[in-house]
Amino acid sequence: MSANLEAARSRVNALREAIESHNYRYYVLDDPEISDSEYDRLFLELQQLESQYPQLLEPRSPTQRVGGEPLSEFSTAEHRIPMLSLGNAFSEAEMQAFDRRVRESCDAGEIEYCAEPKFDGLAVSLRYESGAFVRGATRGDGSRGEDVTNNLRTVRAIPLRLRGASPPVLEARGEVLMLRADFDRLNERQSAAGEKEFVNPRNAAAGSLRQLDPRITAQRPLRFFAYGIGDVGGQSMPRAHSQALDWLAGLGLPVSSERRVVSGLQGMLEYHQWMGSRRGALPYDIDGVVFKVNALVMQEKLGFLARAPRFAVAYKFPAEEATTQILAIDVQVGRSGTLTPVARLKPVFVGGVTVTNATLHNEDEIRRKDIWRGDTVFVRRAGDVIPEVARVSRPGARAADDRFVMPATCPVCRSAVIRLEGEAATRCTGGLFCPAQRKQALLHFASRRAMDIDGLGEKIVEQLVEKSLAVSPVDLYGLKPEAVAGLDRMGGKSAQNLIDAINASRGRPLARLIFALGIPGIGEEVAKVLAGHFEDLDNLVEADWGGIAEQKKSLQRDNAARKRRGEPALPQLLEGIGPELMDSLAKFLHESRNRAVIMALNEAVRPGLAGTPRGAALAGKTFVLTGTLPTMTRDRAKGLIEALGGKVAGSVSGKTDYVVAGEDAGGKLEKARALGVRILDEHGFMQLIKKKEIPDGR
DNA sequence: GATCCTCGAGTTCC
DNA sequence: CTCGAGGATC
């Protein structure tokens, strides 16, 4: 018995190794040694042995890619190092500008770039600990995505264990996609089974990855290619991006075989052209090529913009265009009353989807492009997402009434329409009297980034407004379940759910509430600044804007003078809020109806202060500095921390909140690891102080 | 006064 | 995602 078990154990191990190694040859080296049927035979044998000897089962076995029950929803996964997007370029001129910026910042002649195709799939992040795949997440908004670990485990191109000597921690980033051939076969299967076909490989991949039941994902032919490293611990990094990619391939992660190292602008242009010509011959869809400065020291020097690294660019292929006809030009009314003309199009398949609407932005845009009703036009998807009318291909019959004229009254509420001098937008003057604006205001109030009220969608809002159950956002908090249950498509249960969701939004951070008010020009960021300054709605409502404007001006003059003397600047008052925004705020807050709504909301919501930046953002936090930071001196780092109210200590203890570690960090870093203190590199540190806020916790 | 950057607003499709 | 406008900076 035990001899049998031992024999089975060694066979099982041999089979697992063989299968992993064939996966590696197939997905990473693209050079299979055995046929698919031979592979299937090995797999079957392993499955049989494991069912005969269940004690040999292990989660790391290739047969155990599907595990766990279907989820009811994905949990969110935090990206410790944000997953950024890339800056785009569409022309040689833009590429030239990119190359020039890089050369100027690095003070170098010809730059070496690492070039790769830009896959048209979904970005994911894979976390390996001691070589084992432990977590996979979608990109989401860049700082938090969805935890899709169980689904990614079913993707055979993703190794469950890394090969060879693996680092203690590795976060690999890459793209999940579907090959065109696999996509075609999947659609044949879907239609044979009477299921809905997918419209393009990208959507098929996205839909497959977002399945709550991993058994379904397992049946979808997904692929993965790695293109970068998010986080790596306990490993000295290679010196160049191309070497990092080679390293990832060596660990068993598939990396595009189309990657090259090219030299200078000329090299980039040639690669772009070359990939463009081979686009149709590749087994997967790409929408451009990506160039990254190859030397990592230069990458660090170049650093980051708000959402994208300065050392990389995506050179897109020209968007696919299609011709179709303009059936009508309608006018929509937005949250701030903006009238937006929208082209209703004869449905046309372009860039992987069927397009029926396209925004025409405003009157000037229509005039500039000379678009009339009935015209045949070129349509494309700008950035491969938003449909856009590029230009007229052939004019229609063009009778006088085919010409677009901006209506003189709001199409929804019939109020007069106004176009201010120097502005592109035409606006409805109806304000909250206009049902369209009321609806949009409520939708904005409930939206995810504002008060995040689940279940308050377009259909419900429409009825609430039409039945006058909600005129302003405060009314939401007084809604009775019976009233809500009377609406279309609403039973007692969903009515209660909605009421619960509304109640759950009480206590949300002040910054969200200010943003939710929908004051013109006051978005998420500005709302945070206001919340941080006033800390409560009474203060905001009573603010003396004339006085604040004066104060700000004198502070700016002061700082200009300090700068000339080489002194550090004082923290700016209400940063990013200038005369225009102050004016907008003053006007809004002057109206007694707005004030009444705000004060009532203050009572109903009782906002908290999470997510709020503060003058002393690091108050109470203790930092320890160790090693040499790449671009700043220790004194400068210390100054920054202290300016934000933090303390800098000499040694690491349980009371230390953060250790900022640079090159050649020594014992302090080790101690921090041992104590589980958060460790930041210079970049992470800059991110932290840039945010300057109390964690939102959402 | 020019230029760079960030933020806000509007938008499409599944 | 893109455009335009406001704000910051030189």
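Within every chain, numbering begins at 1; the chains are lettered A, B, ... in the order of the sequence lines, protein sequences first and strands thereafter. No experiment lies behind these values; they were computed from the predicted model shown.
Look at A:Asn357 and you'll find a side-chain N or O under 4.0 angstrom from OP1 or OP2 of B:dC13. Residue A:Gln556 places at least one side-chain N or O under 4.0 Å from the OP1 or OP2 atom of C:dA8. Side-chain N/O atoms of A:Ser336 include one lying less than 4.0 angstrom from OP1 or OP2 on B:dG10. Taking 4.0 angstrom as the limit, A:Thr356 places a side-chain polar atom (N or O) nearer than this to OP1 or OP2 of B:dC13.
The backbone N or O of A:Ile329 lies less than 3.5 Å from no partner atom in the side chain of A:Arg344, so there is not a single donor-acceptor pair. A:Asn594 contributes a side-chain N or O that, together with a main-chain N or O of A:Phe588, makes up a donor-acceptor pair within less than 3.5 Å. At least one donor-acceptor pair under 3.5 Å links the side chain of A:Lys552 to the backbone N or O of A:Ile577. A donor-acceptor pair under 3.5 Å is formed between the side chain of A:Arg508 and the backbone N or O of A:Met451.
In this structure, A:Lys528 places its NZ atom 9 Å from P of B:dC7, rounding to the nearest Å. Rounded to whole Å, atom P of C:dG6 lies 15 Å from atom NZ of A:Lys552. Distance CD (A:Glu575) to P (B:dC5): 16 Å, rounded to an integer number of Å. As rounded to whole Å, 22 Å separates atom P of B:dC5 from atom CD1 of A:Ile577. In this structure, CG of A:Leu573 is placed 14 Å from C1' of C:dG7, rounded to the nearest angstrom. What separates CG of A:Asp583 from C1' of C:dG6 is a distance of 13 Å, to the nearest Å. For the pair A:Glu388 CD and C:dC1 P, the computed distance is 14 Å after rounding to whole Å. Here the P atom of nucleotide B:dG8 and the CG atom of A:Leu581 are 8 Å apart, to the nearest Å.
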Which pairs, protein N/O on one side and nucleotides 2-4 of chain B N/O on the other, fall under 3.5 Å?
none

(Q) What verdict does the side-chain contact (heavy atoms from CB on, under 4.5 Å) test give for A:Leu513 and A:Phe445, after you've listed the backbone C-alpha separation in whole Å, the side-chain angles of each residue and the deciding distance to 0.1 Å? (A) CA-CA 8 Å; A:Leu513 181 57; A:Phe445 185 85; 4.0 Å; yes
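Side-chain proximity of A:Arg310 to B:dC5, B:dC13, C:dG4: nearest is B:dC5. Side chain of A:Thr338, nearest nucleotide from C:dG7, B:dC5, B:dG10: B:dG10. Side-chain proximity of A:Pro579 to the nucleotides C:dG7, B:dA9, B:dC13 is greatest for C:dG7. Counting only heavy atoms from C-beta on, A:Glu525 has its side chain closest to B:dG8 among C:dA8, B:dC14, B:dG8. Considering only the side chain of A:Pro387, B:dT12 comes nearest among B:dT12, B:dC14, B:dG10.
Both A:Thr354 and A:Thr340 lie near DNA chain B, and the one whose nearest nucleotide falls closer to the 5' end is A:Thr340.
Residues A:Leu555 and A:Leu573 share a closest heavy-atom pair of CD2-N, 3.6 Å.
Ring centroid separation for the pair A:His272 and A:Phe317 comes in under the 6.0 Å cut-off.
Heavy atoms of A:Val199 sit nowhere under 4.0 angstrom from any nucleic acid atom.
At a threshold of 4.0 Å, the pair A:Asp182-A:Arg185 counts as salt-bridged, since one of the basic side-chain nitrogens sits closer than that to a carboxylate oxygen.
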